[in-house]
Amino acid sequence: MTEEAKTKQPSPKGNFPFLETIAEDQLAPDLVQKFPLGFLKKHHLIPIMYDHKPAVVLADPLQLEPYDDALNVLQQYCPRLLSSPQEIEQAISRCYYQHQDLESGAAGLPAEGEIQTLQNIYAPGQTEDLLNVANQAPVVKLVNTIFFQAVSHRASDIHIEPYEKEVKIRYRIDGVLHDAMTPPLPYVIPLISRLKIMANLNIAEHRLPQDGQSRIRIGQKEMDIRVSIIPISGGERVVLRLLDKGDHSLGLEQIGFTPKIEKCFKTLIHQPHGILLLTGPTGSGKTTTLYAVINALNSHERNILTVEDPIEYQLPGVGQMQVKPKINLTFAHCLRHILRQDPDVIMIGEIRDRETADIAIQASLTGHLVLSTLHTNNAASAPTRLIDMGIEPYLIASSLNAVMAQRLLRVICPNCRVPCQPEEDVSHLWPSRTSRHLSAQFYQGAGCPRCLQTGYLGRTGIFELLQIDDEIKELITRRTGSHLVEQHAVEKGMITLREDGLYKVLAGITTVEEVLRVTQDHATAEIRIQEHVGS
């Protein structure tokens, strides 16, 4: 079968039904187990249950020989169905890994002294397809199963936590950790060694932390894996960050902005110079928002350069530079050289020290638009944080255009969304300056297999946009406290993080409980601000 035939989308021919998607209840693991997976992948063929009877799905209806072979294996006549090669490959992977029994691999697990031989299974650092399972060692099948289940559940991180008597594996899904599996204790040493081999790390080193990266492929989908290993009392703890290498053309319209904030933000990112900062804790979506801004600004008229640690996603048409501290290629060092490249827009992954902040401010004052992130709890704390780094307040006031704080909160699962009423009175949560319709309908997720019974599926952002006007510049120059800066901004109409979240509650996007969970660090500050505004 030619490459052109593999990628060409099939269309219904004759009386063969065409399946856009192969549903979960159509998968037939018992039938799939009768075939070598290499055969199924090579011919883009999979047996399924269709109308409660076995059927064979093909990408090409003219593949008569593989179809006849399938009938011989199944020992019965099965009708032919059509689907795309990509859908068939995904169905094969779902059928294989989602129905794997983790305990079944215990027999034949390599002993501790045999771990070194695992290096001969795969060359370190190469991209692996998780569906290449022929002749794999049991520990390799276990690792691949962990990866596949994490990807299918939309996990962003995998945590492998060894304790004295057990090993816990947890997935972070939509920002919350969920217990996934508890493999037998003998798995932990070969499991971690296998991950070290994939990331090209030293499997003999157990005393020091190690960081590395690897890449896997599930059918047509590639994932970057960032590996962090630290020694703990129970052994070695591993955290794996999963980064999808697919298309990331995320637009500002998909981030979760309210119309008012979106309009102001789009105006700010088209300023010819100045600094725009995004703030929030780790995992609050700052990098995703930065990439959305770069996508909005990316055109043949602009020279856009970035300095990142690490480069999470490749952006076409953008020059991306990777920080390498081991060879003294720091943020500040990269910035000095980037300024000689005649950039229009500079994106700095994070402002961590005074030297980086100094160069960023000088770049903004000399006609460049600088985008970066800072770790603060709210937008008003950003100027104070820069002053603490040693930056002169007048420089901050003259270069800073705006600061946007953000968080990610979970979205109610649309599959099991039902009306509800809060158990307690929540009317006090809405500030007096905002109008809340008392008849507004609240919603929650009842829980279903699609959302893993959590009631939430996916996340959206909530935002707090602080625009630096003349009054705030004066407050910054006088080194005024962040709470007074925030009070002034609220008086001028700034929507706080909690308010933005509550608007999304009224829109039926999320729940009150989720907003309170994500914004609990703002409760005391907002009470103080509301008292000031009301006085």
Side-chain angles (χ1 to χ4, degrees), residues 100-119 121-122 124-125 137-151 153-216 223-243 281-284 309-310 325-326 350 352 375 452 454 517 520-521:
Q100 283 285 298
D101 180 4
L102 292 177
E103 307 299 329
S104 65
L109 185 69
E112 184 174 347
E114 299 171 347
I115 293 172
Q116 297 285 348
T117 62
L118 293 177
Q119 287 179 318
I121 297 175
Y122 286 117
V139 67
V140 179
K141 292 182 180 179
L142 170 64
V143 171
N144 290 358
T145 301
I146 292 170
F147 278 132
F148 183 84
Q149 290 186 350
V151 172
H153 290 151
R154 303 175 298 102
S156 60
D157 301 88
I158 303 172
H159 292 240
I160 301 174
E161 306 166 356
Y163 299 99
E164 185 177 356
K165 297 182 180 180
E166 64 176 354
V167 182
K168 280 190 177 181
I169 297 178
R170 301 196 288 172
Y171 299 153
R172 186 176 294 279
I173 303 170
D174 294 333
V176 178
L177 282 171
H178 298 267
D179 289 337
M181 59 189 79
T182 307
L185 193 59
Y187 273 65
V188 65
I189 293 178
L191 173 62
I192 294 176
S193 295
R194 167 63 183 152
L195 293 170
K196 288 181 177 179
I197 291 169
M198 291 178 65
N200 202 20
L201 300 177
N202 183 2
I203 66 171
E205 180 58 73
H206 304 285
R207 303 164 300 167
L208 298 173
Q210 296 190 71
D211 294 314
Q213 66 182 59
S214 182
R215 183 172 292 187
I216 60 172
M223 303 287 294
D224 253 5
I225 312 295
R226 302 291 160 83
V227 183
S228 173
I229 303 176
I230 62 169
I232 60 172
S233 59
E236 291 179 287
R237 187 183 182 117
V238 183
V239 175
L240 309 166
R241 169 62 60 89
L242 308 181
L243 300 171
T282 302
S284 59
D309 183 25
K326 289 184 179 180
E350 181 186 346
R352 298 177 178 174
H375 282 118
L452 304 179
T454 62
R517 180 186 72 85
Q520 58 186 338
D521 56 324

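Sequential numbering from 1 along the given sequence is applied to the chain's residues.
L195 is listed as a side-chain neighbour of I160, based on a closest heavy-atom distance under 4.5 Å. Side-chain atoms of R194 and L142, non-hydrogen and from C-beta on, never get closer than 4.5 Å to each other. Residues I216 and F148 fail the side-chain proximity criterion, which asks for heavy atoms closer than 4.5 Å.
Rounding to the nearest 0.5 Å places CD1 of I173 at 5.0 Å from NE2 of H178.
Note on residues 175-193: no pairs pass salt bridge (Lys or Arg N to Asp or Glu O under 4.0 Å), not counting sequence neighbours.
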Inset, instruction - Would you sort out whether K196 and E236 count as a side-chain contact (heavy atoms from CB on, under 4.5 Å), showing the intermediate values? - result: CA-CA 11 Å; K196 288 181 177 179; E236 291 179 287; 2.9 Å; yes
Inset, instruction - Please report the C-alpha distance between I146 and L191 in whole Å, then the side-chain angles of each, then the deciding distance to 0.1 Å, and finally whether the side-chain contact (heavy atoms from CB on, under 4.5 Å) criterion is met. - result: CA-CA 10 Å; I146 292 170; L191 173 62; 4.0 Å; yes
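Shown here are the side-chain hydrogen bond (donor to acceptor under 3.5 Å, both in side chains) partners of Q210, two or more places apart in sequence or in another chain: there are none. For P231, the side-chain contact (heavy atoms from CB on, under 4.5 Å) partners two or more places apart in sequence, or in a different chain, are P209. Judged as a side-chain hydrogen bond (donor to acceptor under 3.5 Å, both in side chains), and not counting sequence neighbours, the contacts of R352 are D309, E350. For R241, the side-chain contact (heavy atoms from CB on, under 4.5 Å) partners are D157, R226, L243, not counting sequence neighbours. By the side-chain contact (heavy atoms from CB on, under 4.5 Å) test, L208 is found to be paired with E205, residues two or more places apart in sequence or in another chain being considered. Applying the side-chain contact (heavy atoms from CB on, under 4.5 Å) rule to A150 yields the partners A155, I158, Y171, L242; only residues at least two apart in sequence or on another chain are considered. Legend: residues meeting side-chain hydrogen bond (donor to acceptor under 3.5 Å, both in side chains) with E166, ordered by chain and number and at least two apart, are absent.
In this structure, V227 and A199 approach most closely via the heavy-atom pair CG2-CB, 3.8 Å.
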